[in-house]
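The model shown is predicted, which means the values in this text are computed figures rather than measured ones. Computed over heavy atoms, backbone and side chain alike; hydrogens, waters and symmetry mates excluded.
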Amino acid sequence: MTDGNPVDVSESDEGLNALVPALIARSERVLNAHPRTRGLMASLPRADTSPLRIGLLGPYSTGKSMLIAALRRLPSAEVEELVDAAPKTHEGTPHPWNGVTLVDLPGTLSGNDEHSDAARRGVRGADALMIVTTSELPGEAETKAILQALDADGFADRSVVVVNKMNAENSDRDVILDEIRKRLGPFADRVPIVPTDARDYVDAINDLELSFAQRDLLVRESGVDALTAELRRIIAPGVGGVRPKAQAFELLRVLADAERKWVLDGDELSAAETAKKVGETISRVKERVLSTLEREGDAVASKIRTAGGRTAAGISEENGVVPVDLARAVTEELVYARTDFDAKFSSSMRTAFDTLVSEYGSGVPEPETWVNDLDSPEAAIDASPNEASPFERALREAAVKAAKAGGRTMREWIGKIAAGAGESGNAASDVATWLNKSRVGQKVLDAGGKITNGVGKFKPWGKGKAAGKVASTAGKVQWVLAAMGPLMDLKSVAQDQRKWMTIDKRRKMIRDHFGEEARNQRTSLSNAGEQHLSQWIAEVEQSLSGLTEQGAEISDERETALAEIKTLRDEAEKLLRPAAD
């Protein structure tokens, strides 16, 4: 734009014109959603068709006011008035120029926080910048401020760096400009650097004693005309082209402020940290139990497949029958594999419980006993190291009997137990009575102390609860029979031998059968174990809600808000990326 005449807006500018306001509207809704960020709504850029604002940024004594006087071609009296007023300025001072507004910002790096804050506000409200330094070269702090304006504040493509007072004595223009480029680093090729001497320009246009040649020389060497040309180039797209970019960058700064509003401290930070710690502890113990569940489930599946391989390899080549001793041994191995799984899974649950109790006290609920945990460490206290639990012995004895009499007998025996509940006289009740005749059996049934009141004695309704536990356990070991039953029915095998396939095909069938059982059992254990764990974790979370509720609420609000803010920031940065690349 020159002398206020508009210039055509590019296609990308038109896109920003449409998208930036929509993004600002969405940001307003997000900021308004919580009291923490509601106050930032006033900082959001608004629809604005006022003249473009070019902020003059730099320390005191760099000649910003003199540059304004030169650009505006002010007479001597007005120049002195302008320059004298500058040190008293605590806010940006607007000056009309060429259809835009030059905003003289308070000097930075003066040690005056009020001035620095005002300059910062002026930068945030500017559409473009004149970054003013001098031939004395910017120091480290000034260089840092310049790079922030170009990089983090997004003015790299809407700025000009002015090196003022270049006609001072002992100033080597080339050396100074090379040094300025080094200090601009990656922005040296993106940002125009214009050497000027505003005082020479003002003198040239106001000193009537100068000849035309002298005046012309001072004007040309002052660099003010070159600065004018660069400023016109920057603002050429007009309000519709420059301002959306400025608003998008200001939106990014407001969103960054919003993120800082969610930095917690004091009681809120303590509550959030407590909730986080509790959550991490629960998550950690849960992962350990799940890891044990996965590992031991895989171990059971592996043992089933191994048992299938042994069974297939041991088939008699004479009659295709599984030898009784082999069937009995494999059945015992499968029963033990499941018992071993139950003990290790239960142990991992107990360790998880102990960990939580050690950190959060006795209010943590104890997990329900794993229904097939009949070989737990508690049950083995009074048993010798090599002695199996009573129920395991019963299963193994049943396996021996079943191997001799045929698989159906064992399936019927376990089936009756699995079908039993609390009625007196059924198979589950009989097993419970038998188990409770020994101290080890009592420990197996009564880890929680709610079923028995001594060896051979049940509390009211205790026998029914014990029978239910036995029945549930029996149901969980029925898979052993599903795996072995078809192989142990020797009479059926002998009768069908003439119609059977070759031995090799029968062996393959057995391996496939055991492989399928391995997969089924692995899935069953995983599902049951995860459900058992999840139910307990839910109880734990409820019991610790007094510690976590407030912090969790704060953390949830914070995470939700920060996620929404990040989405807006990502979209704003995406809009500006072509301009920044």
Side-chain angles (χ1 to χ4, degrees), residues 1-34 37-55 94 98-103 121-130 149-160 187 190-192 230-261 560-581:
M1 119 186 267
T2 302
D3 299 326
N5 296 323
V7 176
D8 290 341
V9 178
S10 68
E11 182 178 347
S12 61
D13 292 333
E14 291 178 353
L16 285 175
N17 272 323
L19 296 174
V20 170
L23 202 55
I24 292 172
R26 286 171 52 201
S27 300
E28 184 173 10
R29 290 193 292 273
V30 170
L31 297 182
N32 190 44
H34 199 278
T37 52
R38 202 164 288 154
L40 293 174
M41 291 171 57
S43 301
L44 287 170
R46 305 293 177 179
D48 185 1
T49 58
S50 64
L52 289 171
R53 295 178 289 272
I54 301 177
N98 202 34
V100 301
T101 300
L102 301 176
V103 183
R121 289 193 297 272
V123 169
R124 296 186 65 158
D127 298 298
L129 287 182
M130 281 175 56
L150 297 177
D151 188 7
D153 292 338
F155 282 97
D157 298 304
R158 295 174 290 128
S159 289
V160 56
F187 300 100
R190 292 178 60 182
V191 181
E230 286 296 344
L231 291 175
R232 286 175 172 171
R233 181 188 62 79
I234 292 172
I235 62 175
V239 172
V242 177
R243 182 151 293 155
K245 296 176 184 177
Q247 290 183 328
F249 276 108
E250 176 59 9
L251 174 60
L252 286 174
R253 291 189 284 270
V254 173
L255 293 174
D257 291 342
E259 288 178 331
R260 285 188 285 271
K261 289 288 186 181
T560 299
L562 289 178
E564 292 175 333
I565 293 169
K566 183 179 183 305
T567 297
L568 293 167
R569 289 191 66 180
D570 288 345
E571 292 186 33
E573 288 172 352
K574 185 177 180 181
L575 286 178
L576 293 167
R577 198 167 296 143
D581 288 344

For this session: Answer whether the closest heavy-atom distance between the side chains of E28 and R46 falls below 4.5 Å.
Result: yes
Problem set entry | Exam field: side chain N17 to backbone G240, donor-acceptor pair closer than 3.5 Å | yes
Exercise. Between A126 and A246, which heavy-atom pair has the shortest distance, and what is it?
Worked result: O-CB, 3.8 Å
Problem set entry | Sole residue of R253, K566, R569 in salt bridge (charged side-chain N to carboxylate O under 4.0 Å, His left out) with E259 | R569
Exercise. Which is it for S27 and V254 under the side-chain contact (heavy atoms from CB on, under 4.5 Å) test, yes or no, and what are the steps along the way?
Worked result: CA-CA 9 Å; S27 300; V254 173; over 6 Å; no
Problem set entry | Check: A47 main-chain N/O paired with R243 side-chain donor or acceptor under 3.5 Å | no
Problem set entry | R53 (side chain) donor-acceptor with V123 (main chain) under 3.5 angstrom | no
For this session: Would you name the heavy atoms of L31 and A258 that are closest together and state the gap between them?
Result: CD2-CB, 3.6 Å
Problem set entry | For V239 against S50, the heavy-atom pair lying closest together | CG2-O, 3.6 Å
Exercise. Quick one: side-chain hydrogen bond (donor to acceptor under 3.5 Å, both in side chains) partners of E571, sequence neighbours excluded?
Worked result: R26
For this session: Give the C-alpha distance, both sets of side-chain angles, the deciding distance and a yes or no for side-chain contact (heavy atoms from CB on, under 4.5 Å) between L252 and L576.
Result: CA-CA 10 Å; L252 286 174; L576 293 167; 3.8 Å; yes
For this session: Taking only Lys NZ, Arg NE, NH1 and NH2, and the carboxylate oxygens of Asp or Glu, determine whether R190 and D157 approach each other closer than 4.0 Å.
Result: yes
Problem set entry | Pair R29 + E564: basic N to acidic O under 4.0 Å | no
Seminar exercise, completed: When rounded to the nearest 0.5 Å, the distance separating CG of L251 from CD1 of I24 is 5.5 Å
Exercise. Taking only residues two or more places apart in sequence or in another chain, which ones pass side-chain contact (heavy atoms from CB on, under 4.5 Å) with T49?
Worked result: none
Problem set entry | Separation between CG of L231 and CD1 of I54, rounded to the nearest 0.5 Å | 5.0 Å
Exercise. So, for D127 and P51, which heavy atoms are closest and what is the spacing to 0.1 Å?
Worked result: OD2-O, 4.4 Å
Exercise. Within a strict 4.5 Å, meaning less than it, do heavy atoms of the V242 and I234 side chains meet?
Worked result: no
Exercise. Just by modelled atom types, is the F155 backbone N or O under 3.5 Å from a matching donor or acceptor in the D153 side chain?
Worked result: no
Exercise. Quick one: CG on L562 to OG1 on T567, what's the gap to the nearest 0.5 Å?
Worked result: 10.5 Å
Exercise. With a 4.5 Å limit on heavy-atom distance, are the side chains of K245 and P237 in contact?
Worked result: no
Exercise. Any idea which heavy atoms bring L23 and L568 closest together, and the distance?
Worked result: CD1-CD2, 3.9 Å
Exercise. How about V20 and L575: do any of their side-chain heavy atoms sit closer than 4.5 Å?
Worked result: yes
Exercise. Is K261 salt-bridged to D257, going by a charged N under 4.0 Å from an acidic O?
Worked result: no
Seminar exercise, completed: In terms of heavy-atom contacts, P45 and E250 come closest through CD-CG, 4.1 Å
